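Here is the structure we will look at, set down as structure tokens.
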Amino acid sequence: MKDLNRRELLGHVESLMTQYCEGCFLHQHLKKEGGRRAAHRFCISQCTIGEQLQKYGEKLS
């Protein structure tokens, strides 16, 4: 990832979340079966989009 300013990073995060996370059927299913924490844990640790969001988050810190 090249060096981006904060506004560009936030734009990328917003676009990823809008495109992939809103209405994610897997997240909804996991939330129904295992609860909100289990669904969030999956998104953070196993989802490729979640991994990408983490990389952007590290750049924002």
Side-chain angles (χ1 to χ4, degrees):
M1 251 181 286
K2 63 180 183 172
D3 288 334
L4 300 172
N5 66 32
R6 185 172 180 82
R7 182 172 287 164
E8 291 171 330
L9 283 170
L10 289 173
H12 286 290
V13 167
E14 181 67 29
S15 101
L16 277 176
M17 298 228 12
T18 301
Q19 186 173 3
Y20 296 106
C21 298
E22 287 182 12
C24 175
F25 295 114
L26 185 54
H27 178 79
Q28 290 174 0
H29 173 73
L30 291 172
K31 190 173 173 181
K32 182 191 274 185
E33 295 296 316
R36 193 175 74 217
R37 293 182 80 197
H40 183 72
R41 190 177 316 116
F42 169 81
C43 292
I44 296 297
S45 63
Q46 296 176 348
C47 178
T48 56
I49 301 302
E51 292 171 2
Q52 188 69 32
L53 290 171
Q54 283 183 5
K55 288 179 184 176
Y56 283 131
E58 289 170 3
K59 295 248 184 217
L60 285 170
S61 300

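Treat the numbers as computed from the prediction; the structure is a model and nothing was measured.
- Summarising the geometry, atom CD belonging to Gln54 is positioned 7.0 Å from atom CD belonging to Glu58; distances are rounded to the nearest 0.5 Å.
- For His29, the side-chain contact (heavy atoms from CB on, under 4.5 Å) partners two or more places apart in sequence, or in a different chain, are Glu33.
- To the nearest 0.5 angstrom, Tyr20 atom OH is 8.5 Å from Ser15 atom OG.
- Leu53 and Met17 make their closest contact through CD1-SD, 3.9 Å (heavy atoms, listed as atom of the first residue, atom of the second, distance).
- Residues His27 and Cys21 have side chains not in contact (no heavy-atom distance under 4.5 Å, counting atoms from C-beta outward).
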**Asked** Run the side-chain contact (heavy atoms from CB on, under 4.5 Å) check on His12 and Leu16 step by step: do they pass?
**Response** CA-CA 6 Å; His12 286 290; Leu16 277 176; 5.6 Å; no
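- In this structure, Glu51 and Ser45 approach most closely via the heavy-atom pair OE2-O, 3.8 Å.
- Following chains of ILVMFWY side-chain contacts shorter than 4.5 Å, one cannot reach Ile44 starting from Leu26, and the two form parts of different hydrophobic clusters.
- Residue Lys59 comes nearest to Leu9 through the heavy atom pair CB-CD1, 3.7 Å, listed as atom of the first residue, atom of the second, then distance.
- For the pair Gly23 and Gln28, the tightest heavy-atom approach, listed with the atom from each and the gap, is CA-NE2, 3.8 Å.
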